[in-house]
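Down below is the structure, laid out as structure tokens.
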Amino acid sequence: MTAAWRPVEVAAAPADPRLRVGRAVRKKFTGSGWFDGSVTSIADGSFEVRWSDGDETSYPFKAATKMLDAAEGTAVAPVAAAVAAPVVE
């Protein structure tokens, strides 16, 4: 008797190679400001973060790059609207 063929499930790899357990992340929450956290687990296309206030949240892999960049200080800040200053002669 032979075993039935079954496809092997392969776990999705994080899109950002920097994503790993223990890695620092940072996120801006609307109305609450910036929070620092660290990755506590990675599995099944998502990762868990424990924030500095003790909350834990799960995010999909696609959210990692923005949070990792913010923690490293490499996030691109929004450009403020330029206001022309009056010319004084």
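All values reported here derive from a predicted model rather than from experimental measurement.
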To the nearest 0.5 Å, what is the distance between [atom1] on [X] and [atom2] on [Y]?
X	Y	atom1	atom2	answer
Lys27	Asp36	NZ	CG	13.0 Å
Phe61	Asp44	CZ	CG	8.0 Å
Phe47	Thr57	CZ	OG1	10.0 Å

Side-chain contact test, heavy atoms from C-beta onward, threshold under 4.5 Å: evaluate it for [X] versus [Y] and give yes or no.
X	Y	value
Val39	Leu19	yes
Val25	Trp51	yes
Lys66	Arg26	no

Set of residues satisfying salt bridge (charged side-chain N to carboxylate O under 4.0 Å, His left out) with respect to Glu48, sequence neighbours excluded: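 If we apply the salt bridge (charged side-chain N to carboxylate O under 4.0 Å, His left out) test to Glu48, skipping adjacent residues, there are no hits.
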Residues which pass salt bridge (charged side-chain N to carboxylate O under 4.0 Å, His left out) with Arg50, listed by chain and number, not counting sequence neighbours: Glu56
For Thr65, side chain to side chain contact (heavy atoms under 4.5 Å, CB included) partners two or more places apart: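 Side chain to side chain contact (heavy atoms under 4.5 Å, CB included) list for Thr65, sorted by chain: Asp16, Arg18, Asp69.
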Under the ring pair (Phe, Tyr, Trp, His ring centres under 6.0 Å) test, residues paired with Phe35 that sit two or more places apart: Phe29
Set of residues satisfying side-chain hydrogen bond (donor to acceptor under 3.5 Å, both in side chains) with respect to Ser38, sequence neighbours excluded: none
Partners passing side-chain hydrogen bond (donor to acceptor under 3.5 Å, both in side chains) against Asp55 (at least two apart in sequence or in another chain): none
Stepwise side-chain contact (heavy atoms from CB on, under 4.5 Å) check, Glu72 with Arg23: CA-CA 10 Å; Glu72 294 175 355; Arg23 189 71 188 223; 2.4 Å; yes
